[in-house]
Structures are given as C-alpha cells and as structure tokens.
Amino acid sequence: MPKDARDSRYDILFEPLQIGPKLARNRFYQVPHCNGGGYRDPSAVAEMRRTKAEGGWGVIFTEQTEIHPTSEITPFIEQHLWEDKDIPALAAMADAMKSHGALAGIQLAYSGINGPNLYSREVPLAVSGGPILTFTSDPVQARTMDRGDIRDLRRWFRNAFRRSQSAGFDLICLYGAHGFGILQHFLSRATNHRTDEYGGSLENRARFLREIVDEAREETKGELAISLRLSLHEAGAFGFSNAELRDFIEMHGDLPDIWDLAHGTWEACSGTSRFKPEGAQEDLVRGIKSLTSKPVVGVGRFTSADAMVRQIRSGILDFIGAARPSIADPFLPKKIAEGRFDDIRECIGCNICVSGDMTGGISRCTQNTAFMEEWRKGWHPERARPKGRSDTVLIVGAGPTGLEAALQAAKRGYHVTLAEATTTLGGRVARERTLPGLSAWGRVADFRTGQLAPLTNAEIYRDSRLTADDVLAMGAQHVAIATGSSWRRDAVARLHLHPIPTDPAMPVFSPDDIMAGDGPAGGRVTLYDDDHFYMGSVIAEVLVARGCTVDFVTPATKVAEWSENTLEQAIIMRRLLELGVTVHTSKAPEAIAAHEVTLGCTWTGAQTTLPADAVVMVTARIPHDSLYHDLRARQPEWAEAGILSVKLIGDAAAPGPIAWATYAGRRFAEDLDEPDDRGDTPAFRREVARLEPLPSRLPS
Ligand code: ADP
Ligand code: SF4
C-alpha cells in the first residue's frame, strides 16, 4: 500500500504487531461475525472473507464455529467443525483469508446453556443445567456436565484445535463473550453453580479456560496464536462483571496471546447507531492493557481513522476490532492506507446485517450491496464489471435505490442520467436522517452522491419531476423507475387488509406527514404501528418531543417486534417506557370517531375506547408506480424513442427497508444488458448438498 499518500498520523494503524507466534501486518482486526451463510453457503462465505483480505485487513476471523454436535444453535446458521469432513470448507475459507497476507482466524464455540440442539437432537450439556437460554425460549433443558463430560469436552476442543490447524488457520479464538460461549458460562457465577473444582472461586471458575488454552498450545505445538474472546461486562447481580474480568486478566495476564474484549450481551455489544455511538465500549476496556503484556483488541463500530488512532495512541487498544465496519467496507484499511477517506463506505449502524443471521436468511448490508453476493452473483464491493452492449441509462428518482443504481451503472461505464423530482438527493433517507437517532443513515446518500460527483459519465438533474412524455423524449436505452413510496393513512397493513371506518373530523397522519413537520404539536395521539420495525417508535419519540401524550397501539404482543432481528426490541421498549408512552399490545383500531379510537383486542375481540386528538398510522406503504405503468401503456412508442427496457425497482416496486432499496439499485445495474430469460433459473449460484452413499442397512 502506498504509504506516501496518507498522513503520517495514521502510520500507527499500519505497524505490524506480534500475536504470540504470528505477526499481524497491521492493526485492522476483523473480529468473528455471523453472516447467515455459514455451513450452508461455504463458498459464499469464503469469497466474502476474501474481499476483506484484498481490502487490507491484518487479521480475519470466521464466524462462530461449533465444535461438537452436543452444542449447536439451530436455527442460526454458523460453521461446524464436528468431524474431518468439515475441514475442506473451512480450509477454503482460511485460504481465502490468507490470499493477501492476512492472518486467518477461526472462532471455536461450544454453546452449553445456549445450545438447544434442535438439529443434532443431543442432550445439551452445560456448566450448570437448566432451561436453554436462547432468543426463542426453546422448551428444553441442559444437563449439568459431570467430570467425565468435562474431560470429553476438553477432548472435543482438542479435536477442533487439530482440525483448525489442518485447515490452515493461524489463530484460534476461544469464544466466551455475549453470554454465548461455555467459557463465559464457566467464568460467570450466573451460569456456574458448581461446587467442585470448576465452581466457586474465580480461580476455580477459570480452571477450564486454563486447561483448554494449555491444551490448544500443546495440540498445535505452539504454532497457532490463541485469542480469548470474553465479555467486558455481564450485567446482573451474579454476572461476570467488568471488575471480575479485570481480576481474571490480572491473575491470567499471559494466558492467551491476545485478549479480544466485547461488551456483555450481543445486544449491548452490537448496538445500533440509534442507541450507541462509535467507541461506546471505551470506559469498559480502558486500563485493561495495563493488566497484561499481551495485546488487546476491542470493537466499537469504528469507521473514523482518527478515532482508531486515538484508541491505540492513548493505550486503550492495540488492534482495532471491527465486524460491521468491515462488512460495510471490506476495503476500509486499504482506503485509510491510501488516504482515500472520501471513498470509505461507512457503516450506518442499522444492524440489517444481523437480521440475516437472526432470520436464517443470508445477511445483507445496507451500505455494501455486494456483501454475501461476492460468490453468489460475482459482485465486488469495489470493482464493477464492464458495461454491456448498450450505452445510456436513465434513472428516475434519487433515493437509495436510484442513487445505488446510478453509481453502479456509471461505474460499469454506462452514461447515466439521474433525475430527481425534489431539490434534495436521498429520497427517504434524506427525510429519515432528520429523525431522532437516525442521522447516521444519511451516510447512505452522502456516500453515493460523493462517489457520483466526480464521474463524468453521470449527470444528475434535481428539481426534475419526470412524466412519461419526458422519459420518452429523453430516449435513454434503459430506464429505471425508482420513484419510491409513501406511507398510508387508512390503517391498511397486515391486520387490516381494507381501510377502517374513519370520521373525517379526526386528523389522521402518516410518518411522511410527521417527517415533513406536519401533524400534532400537542394533545393526545394514538399511534398505530402495524409495521413492527423502527418507524413506529421513532415517530413516537418525535411526538413526545413535540409535547404529545402518546398511546402506542400494536396488534403484536410486543412493540417493534421485527427489531428483535436488529437486536433493538428491548431497548426500543425501554425507550418508549422512559418517554412516558403508554403501550397497548395485542390491540388494533377498529373504527376512528371524531374524538376517540375504538380498539379491538386481537385475541378476544373485546372493544375499548381511547380518547384521541389525532391519529398517526405507521402501517403499509403505497408504491409510486404510476410513471412505470404510464410508460408500460405506451410500450409501442419505446422503439422510436430508443428505449430497450423499463424496470420498476426499489420501494416503487415493493417497499422495504433501505437495504432492500440499495440492493435493488445494484441488481438493476448488474442486470443491464443481460438476457431477459434469466428469471427461469435462480439469479445466484448456490451449493447443493453432495449425496453420501446409501448406508448398507436401511429399515425395510
Ligand atoms: P427508494 O427507497 O426506492 O430509493 P425513495 O422514496 O427513497 O425510494 O426515493 C424515491 C425518489 O424518487 C424520491 O426522492 C422522489 O422525490 C423521487 N421521485 C418520485 N417521483 C419522481 C418523478 N416522477 N421524477 C423524478 N423523481 C421522482
Ligand atoms: Fe453497518 Fe447496517 Fe451494513 Fe450492518 S447492514 S454493516 S449495520 S450498514
């Protein structure tokens, strides 16, 4: 990487540092992170990690790798290293990680009290038995391990160490953070109730860690570096607190080759930007370096090079740990190395990537549309494929969809015209970034407008609301209609599939009205949320700030229930309660009168009334697709106008989260000049299970 291009104050980020027997080439450390692909999509995951190697990361880790079938966390799709036949997929990943000089790390996990074993059907084993602790309250208990089980577990770890080494990894991370790994369950008095030599004093609770770290060294002949990934602070009276962690590190300062420290629960560690700023874990990690001679890595959604330098210069961290910033921009280190700060695609802290893991889908990233599509579709976070045979593209609407479509098409070499009806670029993002806690979302627009600005083959026209006549007159060969959507006001969404009776005397508003500064500025407001993501609670915050008394009504059993997938649900509920919002779950409006709303219980149908001065509906959205249909109706005129294709994309086709919009923009640009019959087969590569030979004895 050319050193001359960057300011010398960032040099410290590129100083190599020893991790036990291995030398990391710089301080950029991609901590383990899930991706929703795991063992199901091995090549997709390997290729995703390869882009990080290419982007300059010094250390790159796998996601959680389960070491034995007595502990697996189905339905979450992670990695398996249960037997030798799991090695090739992980070896391919290690190869990809090392392809540009990074160290390859594997995170080994045994989930204990967190593993319901829904797939393996083995009896879960835990430090102390009890109900499995998962997001989904699986009705299963774990059995307390006896000494024989602990011996077995040590052997299973040994097997995993051996397999990790033969797969070609340089580092082994032992997982005991986020409340998830058995190491934390041993350390924590909340989950360790043992009275034998593995329970009681901190010395005893740490015994298992000492044993397996020693055994990892022995098994790998000291050739691999060992990282301990531990929680910075587990809350609760019996939790493994920050004070106990410091005692533990003081007692065992030289145990691992590197300390990898992450906040308590996953929710606390991976907070969204709405609730957590960059570097939020600093207070918990400061001072730990003085307790050990070994390097310390920590996370904090770091995207700013100055913040990274400060962490190292002030002696808080040695390595800058990153999961989400490395997803949003796999080339973050390289861009800092080359002083290309404006090219950094900053993570917006939305946790849509997490939702891919939580839902068992495959992860996507709002900012990096190539994430997890590197192998499946051959997309790259930086490089664009050369354009096809045609030349000109018109994109109507400059929201996240239109901006991404324009940027990717222009990068491919098409001549792009982007027309926007308003004077502001960004569409919904330009509006939503003004909402409480969502300012970082503006990065979606800022990055793309910044990247488009210097491109001579992209022209942007603001204040240009196009009609079908305009589009036909412009005569671009390919047209994308990315005209967005608007929120409904008639209660139609999931519960109500038709509008409900509404007295026109009651003022009814949508989030668009609130974002435009309209709507109630006081009084009692019924907010009906049948959207279930962030918008309902954010609008409630706006209304409270305006002096309104808010009744939050939802047909779900909890507020913002989809935000479980972005790890925000609990914190949203707490925020609403702290703001004094009254929450009405399992209720929905059935009729709206001039001064009150009739609510129905979704279980019994029992009706109650709620006095209200205004109603705000956070429900479904109406796609703005009229321009598309106007153009379709005039298809006979396309040929004369030079038009080859007109596509409806993004929210104008099917409203969804911003990540769906940026993906739609990329997809449009990638599909330009591709044959139309591609819809007959999946638009992505996938791996199909290889059949094992039939066993010789099958039930007859
Ligand atoms: P998406 O999320 O799909 O990008 P948005 O609602 O964020 O959708 O953005 C759509 C953009 O399209 C808005 O900025 C809107 O002003 C613009 N727009 C809508 N209709 C037209 C039109 N006829 N001509 C140009 N721009 C339009
Ligand atoms: Fe960041 Fe959102 Fe991308 Fe996750 S999905 S890496 S939080 S921008």
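For ligands, and for the atoms within them, numbers begin at 1 and follow the listed sequence.
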Indicate every side-chain donor-acceptor pair of residues 643-651 with a distance under 3.5 Å to a residue at least two apart or in another chain.
| unit_1 | atom_1 | unit_2 | atom_2 | d |
| --- | --- | --- | --- | --- |
| Ser645 | OG | His478 | ND1 | 2.7 |
| Asp651 | OD1 | Gly656 | N | 3.0 |
| Asp651 | OD2 | Arg428 | NH1 | 3.0 |

Under a 3.5 Å threshold, I'd like every N/O contact between ligand 1 and protein atoms, with atom names and distance.
| unit_1 | atom_1 | unit_2 | atom_2 | d |
| --- | --- | --- | --- | --- |
| ligand 1 | 2 (O) | Asp651 | OD2 | 2.5 |
| ligand 1 | 3 (O) | Thr401 | OG1 | 2.6 |
| ligand 1 | 3 (O) | Asp651 | N | 2.9 |
| ligand 1 | 4 (O) | Pro400 | N | 3.1 |
| ligand 1 | 4 (O) | Thr401 | N | 2.9 |
| ligand 1 | 4 (O) | Thr401 | OG1 | 3.1 |
| ligand 1 | 7 (O) | Arg428 | N | 2.7 |
| ligand 1 | 12 (O) | Ala482 | O | 3.4 |
| ligand 1 | 14 (O) | Glu420 | OE1 | 2.7 |
| ligand 1 | 14 (O) | Glu420 | OE2 | 3.0 |
| ligand 1 | 16 (O) | Glu420 | OE2 | 2.6 |
| ligand 1 | 23 (N) | Leu466 | O | 3.0 |
| ligand 1 | 24 (N) | Leu466 | N | 3.0 |
| ligand 1 | 26 (N) | Ala421 | N | 3.0 |

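- With hydrogens and angles left out, the side-chain atoms of Gln408 and Arg448 include no donor and acceptor closer than 3.5 Å.
- Taking the six-membered ring where the residue is Trp, Tyr175 and Phe180 present perpendicular rings, their angle passing 60° and hence far from 30°.
- Ring pair Phe533/Trp562 is perpendicular by interplanar angle, where above 60° counts as perpendicular and below 30° as parallel.
- Residues passing the side chain to side chain contact (heavy atoms under 4.5 Å, CB included) test with Gln635 are Arg632, Trp638, sequence neighbours excluded.
- At a cut-off of 2.8 Å, measuring from atom 4 (Fe) of ligand 2, the protein N, O or S atoms that fall short of it are Cys353 SG, waters left aside.
- No donor-acceptor contact under 3.5 angstrom links the side chains of Arg667 and Thr662, judged on distance only.
- With rounding to the nearest 0.5 Å, the separation of CE in Met474 from CG in Leu394 is 4.5 Å.
- In this structure, Trp266 and His178 have tilted ring planes: the angle between them lies in the 30° to 60° band.
- Remark: aromatic rings of Tyr29 and Phe61 are close, center separation under 6.0 Å.
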